[in-house]
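What you see below is based on every heavy atom in this structure, not just the backbone, and it leaves out hydrogens, waters and symmetry mates. By convention in this document, chain letters (A, B, ...) are assigned in the order of the sequence lines, proteins followed by strands, and residues within each chain are numbered from 1.
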Amino acid sequence: MTRQQIQEFEQLQQHLRQAVVTTDAWAGEIKTVAGVDVAYEKGSDTLIAAVAVLDAHTLALREVVSFRGEATFPYIPGLFSFRELPAVLQALEKLPQAPDLVVCDGQGLAHPRRFGLACHLGVATGIPTIGCAKTRLLGEYQPLAPSRGSYAELVDNGEVVGRALRTQTDKNPVFVSVGHNISLETATEWVLRLTPLYRLPETTRAADHAVNTLLRATSASKDEDDSAKASL
DNA sequence: GCGACAG
DNA sequence: ATCTTGTCGC
């Protein structure tokens, strides 16, 4: 990927970011919350994207859909969404009913151009999205209390781009930021609601589990193919 | 120039 | 993300 091409994608992000909405832009009640995750097969660029839909009230798993394909874009930190979004969209299309809210495994506005994966997915689908990353990409934050629920603003260039949120007492915080059609305050509430037992949201855990199960299943059948070919 | 850099 | 064993703890 040339520097020229990278700049073109960065400009595309600058353009698309203008469509991001940072208020609670939905009507009615959130009944389903989905988590999305992507995993890669070790050597190749073959990937599997999974969407796990949970009941927003009970957090019970309702449905899982997935898509297996090839990554067509390299991994570049600031252009992460261009790598994973296509596969995620293909998986989402398999759902008979779109979820009311999606929690992404990555950043939303807490991004160099304020357009992380969660924003990209939200703008592409219109679905409210939250970015909930395990690690920080940018920004600074003050020390936060050790108790679950405490948080500190994530500031980048004098701008609040998200929050470092403690979802479990004495465990490292997660980094929450607005994706699309939701406020930072509401996004924080949802992430807390989704983390009654673990550091990561149940949505992310369900999607991660699904993706790894599928990865094992496909690599196992691939081994069968290989041994079958070897025995010929 | 050097290091850092969501997954 | 992925490569990887044992180990400490509930």
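- Side-chain atoms of Thr195(A) and Arg148(A) include a donor-acceptor pair closer than 3.5 Å.
- Stem regions annotated for DNA chain C: none, counting only runs of 3 or more consecutive pairs of Watson-Crick or G-U type with both contacts under 3.5 Å.
- Salt-bridge annotation for Asp37(A) and Arg205(A): absent, with no side-chain N of the basic residue lying under 4.0 Å from a carboxylate O of the acidic one.
- The ring-ring contact (aromatic ring centres under 6.0 Å, His included) test applied to Phe9(A) returns Phe73(A), Phe82(A), not counting sequence neighbours.
- Between atom CD1 of residue Ile76(A) and atom CD1 of residue Ile6(A) there is a gap of 4.0 Å, rounded to the nearest 0.5 Å.
- Sorted by first and then second residue, the salt bridge (charged side-chain N to carboxylate O under 4.0 Å, His left out) pairs with a member in residues 158-174 of chain A read Arg114(A)-Glu159(A), Arg163(A)-Glu185(A); sequence neighbours excluded.
- Using modelled atom types, one side-chain atom of Asp24(A) and one backbone atom of Ser183(A) make a donor-acceptor pair closer than 3.5 Å.
- Rounded to the nearest 0.5 Å, atoms OH (Tyr75(A)) and CE (Met1(A)) are 15.0 Å apart.
- In the 5' to 3' direction, nucleotides of DNA chain C lying under 4.0 Å from heavy atoms of chain A begin and end at dA1(C) to dC3(C).
- In Lys31(A), the NZ atom is not crowded: 12 or fewer heavy atoms of neighbouring residues, nucleotides or ligands sit closer than 6.0 Å.
- Arg113(A) and Gln14(A) share no side-chain donor-acceptor pair at under 3.5 Å.
- With a 3.5 Å limit on both pairing distances and Watson-Crick or G-U wobble geometry required, DNA chain B contains no stem of 3 or more pairs.
- By the 4.0 Å N-to-carboxylate-O rule, Glu202(A) lies too far from Arg193(A) to be salt-bridged with it.
- Formation of a donor-acceptor pair under 3.5 Å by the Asn181(A) side chain with backbone atoms of Val21(A) is not found in this model.
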Summarise protein proximity over nucleotides 1-7 of chain B in one line of letters, 5' to 3': B for base, S for sugar-phosphate only, - for none, counting protein heavy atoms closer than 4.0 Å. ----SBB
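- Within 6.0 Å of atom CD in Gln97(A), 12 or fewer heavy atoms from other residues, nucleotides or ligands are found, so the atom counts as exposed in its surroundings.
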